[in-house]
Amino acid sequence: MELLCFSSDSLRLLDPNSLNSCKSLSSLKQTHAVLLKSPEPKPLIPNLIAAYGRFGDLGSAISAFGHYPDDPNAFLFNSLIQSHNLNSLFLTSIHLYIKMLGSNIQPNQYTFPLLFKACSLSSELSGGAQIHGQVVKLGYVRNPFVAVAVMDMYMKSGQSFDAEKVFDGMGEKDGVAWNAMVTGLVQSGRAEEALEVFERMRREGVGVGCVAVASVVAACSQLRVLHQGKWIHAFVVRSGFSADTVISTALLDMYANCGDLGLANQIFGEMHTKDLIAWNCLVSCYAQYGSVENAFKLFIDMQNSKLKPNGSSLSGILPAVARFGSLHHTKSCHCFILRNGLESDEFVITALMDTYAKSGDLSTAHNLFDGMPKKSVVAWSAIISGYGTHGCCNEALSLFDKMLETNIKPNHVTYVGLLSACVHSGFVDKGREYFKRMIYEHGITPQAQHFTCMVDLLSRAGLFDEAMDLINVMPIEPPAEIWGALLGGCKIHQNVELGDTSHPNSCEIYHKIEELLDDIGKLGYVPQIKAVLQNVEEDMKENALKGHSEKLAMAYGLLRTKPGMPIRIMKNLRSCEDCHAFMKYVSKITLREIVVRDTVRFHHIKDGTCRCGDYW
DNA sequence: ATAGGGTTAG
């Protein structure tokens, strides 16, 4: 009976599937034990090594590899490299390759795709190029698997033009090669060219796979070309891809990015399986383009449908929290992140940091930034713009220098942060200088936001001719905001609000305001009536000023918080001069630190002065 | 026997 069992096991083991299909590490170890008793275990050792790799047990993989010290071969090395790749130990994979060459074992066509993956995922770009050279010398570029792997490595490392050369040099291009090309172009930001390659594929009758279709939809999303996106949507329906979850998700993202949240929502509603990615995508669409309330609601609906938020869910919802601007909500998200072990996700921490800065807590933002092991250009841009909006232009500029020292290349977002920092502090010369550096040193074409910053900066400084000259040379249609910036520079304040008495504590609040006005009047505060529009009756002006929302909020804050606590106020319009002066006096007499967020920046007011230096 | 392409998020 015993013997019968044994012989049937060893028969089964002739098939590598018995190793590949093990469902758990313990069943793999059992199979391993059986394998060792079989008469010819050796041919299956590579499969065993790879299987250990899949379960993350590198120790067992290595010891299985060491079982045949006299006779290593390429297959054995390939499996060991693969198991290191599977565990993200890419540098070890590359070292194993060097060891392989040192043991005089010729790599084969299976070795190279593994190595290119290791190089691209570990950013060992020079190593990748070297191995590419060896591949050419050995003639393996003619193998389509190897060629696509080289191509993919160049695409993923931002060298899309080198990838293109490899693609053009391929004799026979199969579907995977074409699809990899389209996908790579989209990921390299060459969306127009991706759409051209897609057209060529259709003309030449290359089967367009679902992967490439998803990528061209993403290309339309990047380019925000609704018309072409709709055409490809029709193609999706015609080609029978409508039920594909990945393509549907790409379509919903495309419609959202093109500004059609209705169609995005419709696609989502029609999806058969709504996976976490689809939910995340919809949440982030609403967080960016829709109402903050809807984004929060969707985030809760997602959890009600039994899906557990992951890192992407958090980086999707955080922009909504940032728009909302409440420090309380930001802290809740932070707790959620810690409770769910998402604090090592680089994207999550970047989004959280940005949200802290936008909720007024710059020091927590900076601590998070300092703690990041890898600081991407997005992280740098976020902290720079954080310092800018908090009125610390010098810090923003010196962070930019540090960023360049660490060899991170700025992008157009970084420059929006820098230029707006200059705007908030009135650094006209610096602004002009950085605008030039953006174009000539970093080769970035200025976009609407950059022009708007410059016009804002110049007109606030009274340089209206220079501002108009800039508007006249703009190669793009001036956006509406640019005229706002120009007018804003004229210091025409139009933020009159009615005195609002709907609050249940309104009597108490107005009483507090009167009390404060009384106290600060003794210190020299005079209501700045010119801050009110001209068509208001003289005697009404002073009353109108009392009802400005930040004064109401200030009084409420004083009534409801403990002495000495900082008061944070958010405002949906720009602060007026009178309120600003009021805040400065109040900070002095109450010994409070006051942080006011208006539409464009933060005011940090303490002991009678504001960090903005009265320039905003 | 082992190897190549995918959607979202700052």
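Quick note on labels: first sequence line is chain A, next is B, and so on, each numbered from 1.
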Q: So A:T245, base contact, sugar-phosphate only, or nothing? Heavy-atom distance under 4.0 Å.
A: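 No contact.
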Q: Starting from P on B:dT8, measure out to CG on A:L298 and report it in whole angstrom.
A: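 For the pair A:L298 CG and B:dT8 P, the rounded distance is 18 Å.
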Q: With heavy atoms under 4.0 Å as the rule, sort A:C210 into base, sugar-phosphate or nothing.
A: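 Contact class for A:C210: base.
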Q: Name the orientation class of the two ring planes belonging to A:H329 and A:F296 (parallel below 30°, tilted from 30 to 60°, perpendicular beyond 60°).
A: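 Parallel, since the angle between the ring planes stays under 30°.
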Q: Could you check which of B:dG4, B:dT2, B:dA9 has an atom nearest any side-chain atom of A:N78?
A: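 Nearest to the side-chain atoms of A:N78, counting from C-beta on, is B:dT2.
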Q: Which of these nucleotides, B:dG10, B:dT2, B:dA3, is closest to any side-chain atom of A:N143?
A: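 The answer is B:dA3, which lies nearest to the side chain.
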Q: May I have the distance from A:D253 (atom CG) to B:dA9 (atom C1'), rounded to whole angstrom?
A: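 To the nearest whole Å, that distance equals 10 Å.
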Q: Heavy atoms from C-beta onward define the side chain here; which of B:dT8, B:dT2, B:dG4 lies closest to that of A:N20?
A: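 Among the listed nucleotides, the one closest to the side chain of A:N20 is B:dT2.
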Q: Please give me every residue in residues 171-196 of chain A whose heavy atoms get under 4.0 Å of an atom in DNA chain B, ordered by residue number.
A: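 Contacting residues: A:D174, A:V176, A:N179, A:A180, A:T183, A:Q187.
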Q: ring-ring contact (aromatic ring centres under 6.0 Å, His included) with A:Y97: which residues, sequence neighbours excluded?
A: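 None.
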Q: If we ignore angles and hydrogens, is there a donor and acceptor under 3.5 Å between the side chains of A:T330 and A:T355?
A: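 Distance-only check fails for A:T330 and A:T355.
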Q: Looking across every strand, which nucleic acid part, if any, lies under 4.0 Å from A:A382 by heavy atom: base, sugar-phosphate, or nothing?
A: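 Nothing: the residue A:A382, judged by heavy atoms under 4.0 Å, touches no strand.
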Q: Measure the distance from CZ on A:F268 to P on B:dT8 and round it to the nearest whole Å.
A: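 About 16 Å, once rounded to whole Å.
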Q: B:dA3 C1' sits how many Å from A:M100 CE, rounded?
A: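 My rounded result for the distance is 13 Å.
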Q: B:dT2 C1' sits how many Å from A:N17 CG, rounded?
A: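 Rounding to the nearest Å, CG of A:N17 and C1' of B:dT2 are 13 Å apart.
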Q: Round to the nearest Å and state the distance from A:D244 atom CG to B:dG6 atom P.
A: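 A:D244 atom CG is separated from B:dG6 atom P by 14 Å.
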Q: With A:F65, which residues qualify under ring-ring contact (aromatic ring centres under 6.0 Å, His included), at least two apart?
A: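 If we apply the ring-ring contact (aromatic ring centres under 6.0 Å, His included) test to A:F65, skipping adjacent residues, the hits are A:F77.
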Q: Could you work out, with ring-ring contact (aromatic ring centres under 6.0 Å, His included) as the rule, every residue matching A:F116, not counting sequence neighbours?
A: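 Once residues adjacent in sequence are excluded, A:F116 has no partner under the ring-ring contact (aromatic ring centres under 6.0 Å, His included) criterion.
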Q: Any pair with a residue in residues 364-374 of chain A that passes salt bridge (Lys or Arg N to Asp or Glu O under 4.0 Å), sequence neighbours left out, goes on the list, sorted by first then second residue, please.
A: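 Residue pairs with at least one partner in residues 364-374 of chain A: A:E346-A:K374.
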Q: Looking at the side chain of A:A250, which of B:dG5, B:dA3, B:dT7 is the nearest nucleotide?
A: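 Of the candidates, B:dT7 comes closest.
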Q: So does A:K375 get a side-chain nitrogen or oxygen closer than 4.0 Å to the phosphate oxygens (OP1/OP2) of B:dG10?
A: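 No, outside the criterion.
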Q: Would you state whether a donor and an acceptor, one from the side chain of A:S381 and one from the base of B:dG10, lie under 3.5 Å apart?
A: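 Answer is no: no donor-acceptor pair is held.
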Q: Compile the donor-acceptor pairs under 3.5 Å between side chains in residues 174-181 of chain A and protein atoms, sequence neighbours left out, one pair per line.
A:
{"unit_1": "A:D174", "atom_1": "OD1", "unit_2": "A:V176", "atom_2": "N", "d": "3.3"}
{"unit_1": "A:D174", "atom_1": "OD1", "unit_2": "A:A177", "atom_2": "N", "d": "3.1"}
{"unit_1": "A:N179", "atom_1": "ND2", "unit_2": "A:G175", "atom_2": "O", "d": "3.1"}

Q: Going by atom types only, do A:S157 and A:Q159 share a side-chain donor-acceptor pair under 3.5 Å?
A: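 A pair is found: one side chain offers a donor N or O, the other an acceptor, under 3.5 Å apart.
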Q: Please determine if a side-chain N or O atom of A:K117 lies less than 4.0 Å away from the OP1 or OP2 oxygen of B:dG4.
A: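 Result: yes.
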Q: In a table with atom names and distances, give each donor-acceptor pair under 3.5 Å that connects a side chain of residues 235-242 of chain A to protein atoms at least two apart or in another chain.
A:
{"unit_1": "A:S239", "atom_1": "OG", "unit_2": "A:F235", "atom_2": "O", "d": "2.5"}

Q: Give a yes or no on whether the ring-centroid distance for A:Y387 and A:H366 is below 6.0 angstrom.
A: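 When the ring centroids of A:Y387 and A:H366 are compared, they turn out to be within the sub-6.0 Å range.
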Q: Looking only at the side chain of A:V211 (C-beta and beyond, no hydrogens), which of the listed nucleotides B:dA9, B:dT2, B:dG5 gets closest?
A: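 Of the candidates, B:dG5 comes closest.
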Q: Can you name the residues that form a salt bridge (charged side-chain N to carboxylate O under 4.0 Å, His left out) with A:K409, not counting sequence neighbours?
A: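 Applying salt bridge (charged side-chain N to carboxylate O under 4.0 Å, His left out) to A:K409 gives none.
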Q: Within residues 301-308 of chain A, find the residues that approach DNA chain B with a heavy atom at under 4.0 Å, and present them sorted by residue number.
A: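 Hits under 4.0 Å, by residue number: none.
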Q: Can you tell me the distance, in whole Å, between the CD1 atom of A:I337 and the C1' atom of B:dA9?
A: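 Taking CD1 of A:I337 and C1' of B:dA9, I get 12 Å after rounding.
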Q: Given B:dT7, B:dG10, B:dA3, which nucleotide is nearest the side-chain atoms of A:Q109?
A: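 For the A:Q109 side chain, the nearest candidate turns out to be B:dA3.
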Q: Rounded to the Å, how far apart are A:L368 CG and B:dG10 C1'?
A: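 Checked: the CG to C1' distance equals 13 Å.
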Q: What do you reckon, do A:F347 and the base of B:dG10 stack, with centroid distance below 5.5 Å and planes below 30°?
A: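 No; centroid distance or tilt outside limits.
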